Amino acid sequence: MQLELNNISLTYAISTPYETKALSDVSFSAKKGEFIAVMGQTGSGKSTLLKIIAGLEKPSSGTVFFNGEDINAYSYNKAKLRSYVGMVFQNPEYQLFESSVYKDVAFGLKHAEYTKDEKHRRVKNALETVGFEFDKIKDLSPLALSGGEKRRVAIAGVLAAEPELILFDEPVAGLDPVGRNDFVNTVKKLNKAGITIIMVSHNADAIAECAERILIFDNTKLIKDAPAAKVFADSKTLKNIGLEVNGAKYLADLLKKRGMCIDDKLYRYEEIVKAVAEKIKNAGVGK
Amino acid sequence: MNRMPLGMYMPFESVIHSIDARVKLVCFLALIVSVIITDTLVGYIVILSTAFVFIVLSRIPFKIALSCLYRLRFFLIIIFVMNALFFTSENILVSWWIFNISKEGILQGVHVVLRVVLVMLFSTCLTATTSPVELTKALESLFRPLRYVKIPVGQICMIISIAIQFIPVISQEALLIKQAQTARGARFESRRLIEKAKESLALVIPIFLSAIRRADELALAMEARGYRSANTPEKRSLKLSLREYAGFVVSAAVCALQIMI
Ligand SMILES: Nc1ncnc2c1ncn2[C@@H]1O[C@H](COP(=O)(O)OP(=O)(O)OP(=O)(O)O)[C@@H](O)[C@H]1O
Ligand SMILES: [Mg+2]
């Protein structure tokens with residue numbers, strides 16, 4: 001997997017009164033196995049970016065190379081791209097429609113020439129990856145499930161194609177803390193298995209738990225592309241563009257103001273808990 | 001969605017935009033009547049230049065006004081050809097099998113095409129300069145007298161205006177659902193009709209579900225905010241200024257001219 005975006009710009013509804021610029025001059029590249037999070041305020045162009053990578057929107061200018069091939073070239077086979085790049089939309093639960101969970105997850109495999117056994121293996125595998133017991137869920141109607149379950153089914157539908165790169169748009173919005181944790185663990189597992197992940201999210205906690213690299217968008221532009229530790233170390237810059245650090249880092253910042261010095265590089269929940277525990281132990285509080 | 005849908009409202013500021021929607025509707029009707037009764041060259045020139053002036057005044061870019069016509073080009077060509085080929089008359093120029101091309105037929109074709117073009121231009125001018133909400137309010141107010149014959153004008157207009165306001169929302173959502181299904185391997189571009197029909201279920205069902213969900217939510221929200229079906233439409237006083245009078249006079253003049261010539 002190798003992804004490269006060069007000077008991507010996109011303007012919607014060009015030359016009409018509704019013309020909106022969604023992206024201007026965005027360039028970055030991603031390698032196999034990376035976990036990239038995308039942050040940015042509402043309307044900064046994050047969803048548009050994902051759609052361009054998935055080949056669903058054509059950029060007004062600039063090029064996208066996937067595994068060395070220009071995906072918007074006339075001769076490029078878009079159907080092939082769909083099997084390499086999966087995209088989970090915001091509220092994917094609204095795209096379910098088949099009469100059973102099994103059929104819905106298998107929907108995307110319809111056109112691929114897999115044997116029946118292979119299809120079965122993929123659907124089973126995908127449903128188990130998102131935490132279902134295959135036999136219990138496969139015959140239920142997807143429309144009768146709860147919102148969180150529906151979302152997991154929809155994600156399974158994308159996983160079944162076994163893509164090399166998965167794009168998530170706001171995957172944890174509207175989930176309860178347990179659902180969010182489950183999701184974070186699932187994507188971490190996928191990423192460990194070698195799948196590249198690009199995830200748009202407003203949820204700094206989820207991002208802090210799993211992303212290694214963060215892209216920040218502000219008003220259609222890519223303004224920062226840095227390792228997660230670096231981005232969270234600098235909570236001031238984040239605040240300036242209307243974003244927030246994760247809860248654990250926020251706590252660390254508060255403690256720092258009160259005089260407890262915690263290393264700026266730490267930002268993950270577990271790291272902070274450990275550091276705070278150590279400080280307390282060293283200071284002899286609570287004896 | 002990189003092109004403008006037909007009949008879309010364009011929020012500019014212009015004289016035509018600021019005219020009261022009810023006046024615009026009445027003028028529009030007068031002009032459509034004029035288009036229908038016109039059949040002389042002078043008549044067409046007058047009415048075409050009226051359309052031209054209105055478009056200039058409303059600040060709609062010519063490109064957009066013409067693109068509406070351009071998209072109907074096949075329709076226009078077909079109605080012209082149908083009229084030209086099948087018009088029965090005495091002085092036939094060319095005759096072959098069941099086709100008779102005559103001077104009258106060609107003229108008739110030109111007439112019909114011109115009329116459709118003019119109606120299109122005037123409707124573009126109306127819908128582009130009047131927001132859907134204004135338009136339904138105008139209808140509501142023009143139909144007010146109907147409530148004396150027990151027609152629930154208020155409710156009907158409420159339904160229409162909600163429906164119109166939901167069109168962009170639902171079409172936006174339809175686009176998203178289409179993209180989502182495409183991303184997971186649906187092939188809507190397929191050439192084979194049966195395959196296309198099967199595939200379209202993946203669009204139709206989610207779109208319906210979301211429309212129903214939205215309708216449900218809206219109904220609850222309206223109830224929660226204390227909506228009672230009011231049978232009497234809101235009464236709005238009509239303040240006529242110079243602009244409105246000018247609109248009336250121009251359209252009435254055009255209409256009268258067409259009746260005379
Ligand atoms: N189909 C479309 N047609 C016209 N304009 C659009 C369309 N989709 C998005 N836009 C506009 O493009 C801009 C960027 O939208 P985008 O959805 O990429 O933002 P976002 O960063 O994902 O925001 P959010 O956090 O709210 O999801 C917005 O101003 C939006 O109004
Ligand atoms: Mg978005």
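Computed from a predicted structure; not experimentally measured. Chain letters run A, B, ... following the sequence lines, proteins first and then strands; every chain starts at 1.
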Undergrad: Take atom NZ in A:Lys124; do more than 12 heavy atoms of anything else shown fall under 6.0 Å from it?
TA: no
Undergrad: How long is the span from the CZ atom in B:Arg184 to the CG atom in A:Leu159, to the nearest 0.5 Å?
TA: 12.0 Å
Undergrad: For atom CZ of B:Phe74, is the number of surrounding heavy atoms from other residues, nucleotides or ligands below 6.0 Å larger than 12?
TA: no
Undergrad: With a 3.5 Å distance limit and no angle check, can you tell me whether B:Gln181 reaches the backbone of A:Gln95 through a side-chain donor-acceptor pair?
TA: yes
Undergrad: Measure distances from B:Lys178 to the heavy atoms of chain A and classify the residue's part below 4.5 Å as side chain, backbone, both or neither.
TA: neither
Undergrad: For B:Arg225, is the CZ atom crowded, meaning more than 12 foreign heavy atoms sit under 6.0 Å from it?
TA: no
Undergrad: Should we count NZ of A:Lys189 as having more than 12 external heavy atoms under 6.0 Å?
TA: yes
Undergrad: For chain B, which residues from residues 40-53 of chain A have at least one heavy atom closer than 4.5 Å to it?
TA: A:Lys51
Undergrad: Does CZ belonging to B:Phe52 count more than 12 external heavy atoms closer than 6.0 Å?
TA: no
Undergrad: Look at B:Ile177, B:Leu203, B:Ile205, B:Val204 and state which one has the largest set of heavy-atom pairs under 4.5 Å with chain A.
TA: B:Ile205
Undergrad: Kindly indicate whether the side chain of B:Arg187, heavy atoms from C-beta on, has any atom under 4.5 Å from the side chain of A:Lys110.
TA: no
Undergrad: Which residues, numbered in order, of residues 96-104 of chain A come under 4.5 angstrom of chain B by heavy-atom distance?
TA: A:Leu96, A:Phe97, A:Asp104
Undergrad: Would B:Arg213 pass as a cation-pi partner of A:Tyr94, given that its NZ or CZ must be under 6.0 Å from the six-membered ring centre and within 45 degrees of the axis?
TA: yes
Undergrad: Between B:Gly185 and A:His111, what is the shortest heavy-atom contact and its length?
TA: O-CD2, 3.3 Å
Undergrad: CE/A:Met87 to OG1/B:Thr182 distance, rounded to the nearest 0.5 angstrom?
TA: 11.0 Å
Undergrad: Under 4.5 Å, heavy atom to heavy atom: which of residues 53-61 of chain B reach chain A? Give them by number, or say none.
TA: none
Undergrad: Counting only heavy atoms from other residues, nucleotides and ligands, does the tally under 6.0 Å from CD of B:Glu13 exceed 12?
TA: no
Undergrad: Name the region of A:Leu167, side chain, backbone, both or neither, that has any atom closer than 4.5 Å to a heavy atom of chain B.
TA: neither
Undergrad: Going by residue number, which parts of residues 59-84 of chain A are within reach of chain B, meaning a heavy-atom gap below 4.5 Å?
TA: A:Ala79, A:Arg82
